[in-house]
Structures are given as structure tokens and as C-alpha cells.
Amino acid sequence: MFEHFDTPQELFEYRLGSALSMEEDSLQMLGELEEAAHSSELKAMFRHHAGETRQQIENLQAVCSELGLSADLEPSQTTKGLAKEGSALIRKSGDNLVDSVAVAAALGTEHYEIAAYEALIAAAEGMGQTRVVDLLRANLAQEQHTSEELVAKAKQYAMAV
Ligand SMILES: [Fe+2]
Ligand SMILES: [Fe+2]
């Protein structure tokens, strides 16, 4: 773990490690949300994105090897906090609201992932690492697509009774 950053490369390496933790946390959260969700369609959506998340972890590992870095995990307090808040809200919600809560919780994580990838992509572009940019863009596209699907579901469940 870094104690102090002196170069943009060190900062990038930290962000990469943090993104790996973020994806590990997301994978766990998606499993919990799939279990909690009532709608079979929503369960399938979470399961599908869990599969994509496994691919995203592989892409991040490929980024590390492309740059000759070890794929060390750096703690991601944000995703842990989002997951904790999501499960606390699910526990407090009536059965009719669980899907709506699960969708909002997942949306929070997706938007954090989008921000993390946008920062990584900007840095990789600045470094002229085109292969790394391609791998990160593949992950970003999946997060954006999932986010759009979740927004559609949020509308659908808004008036669920
Ligand atoms: Fe992800
Ligand atoms: Fe995601």
C-alpha cells in the first residue's frame, strides 16, 4: 500500500488497485442484490452484470500486466460503504419496496464505477497507453449500459405496491 505519492504513475497504480477492490466489492454486492431481489428479471440483470464484472476484473489484471504492475488490491472504502448502506436499506424495507431499493443501491455503485473508469481512462490517455485505454473503455461501456438499464427499472418500480 502506498504511504505517499510522488509520481502520476504511482497515483495511477493506486487507482488501479482501488478499481480492483471496487470490482471485487461490486461482485459481492451483485450477489447479495440478486439474492434479495424479488423480480426474476431483476435477478437476471444482477446475475448478468456479475458475469461482466468478472470479465472487468480480468481486464484490470490485463491492464496491470500491460504496465508491468502487480495487481495489488488497494482498499475501496466507497464501494464497501455503498454496499453497507444498500443492505441496511433492504433490511428496513417492506417486501414491496425491496426491488426499488436494490436498483437504487446498484445505481450508486455503477455511477461510482463510471467515475473511477473515467479518471483512469483520462490518465491512461495522457500516458499514451492505447491498449490500456481500450481495456478500461470496455469496462466503462458495461457500467454505462448497466446504469441505463437500472434507471429504466427504477422508473418501473417507482410506484410498486
Ligand atoms: Fe464494474
Ligand atoms: Fe458495474
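One-based numbering, in listed order, for ligands and for the atoms of each. Heavy-atom basis, side chains included; hydrogens, waters and symmetry copies ignored.
- Remark: Asn59 engages Gln55, Leu135, Ala138, Asn139 in a side-chain contact (heavy atoms from CB on, under 4.5 Å) (not counting sequence neighbours).
- In this structure Asp6 satisfies the side-chain contact (heavy atoms from CB on, under 4.5 Å) test together with His4, Glu10, sequence neighbours excluded.
- Distance alone, capped at 3.5 Å, is enough to place a donor-acceptor pair between the Ser93 side chain and the Leu89 backbone.
- Protein N/O/S atoms found under 2.8 Å from the Fe ion (ligand 2), listed by chain and residue number: His49 NE2, Glu110 OE1, Glu110 OE2, Glu113 OE1, Glu143 OE1.
- Applying the side-chain contact (heavy atoms from CB on, under 4.5 Å) test to Glu35 and every residue at least two apart in sequence or in another chain returns nothing.
- In the model, Glu143 has a side-chain atom that pairs as donor or acceptor with a side-chain atom of His49 under 3.5 Å.
- Gln156 and Lys153 share a donor-acceptor pair across their side chains, judged by distance under 3.5 Å alone.
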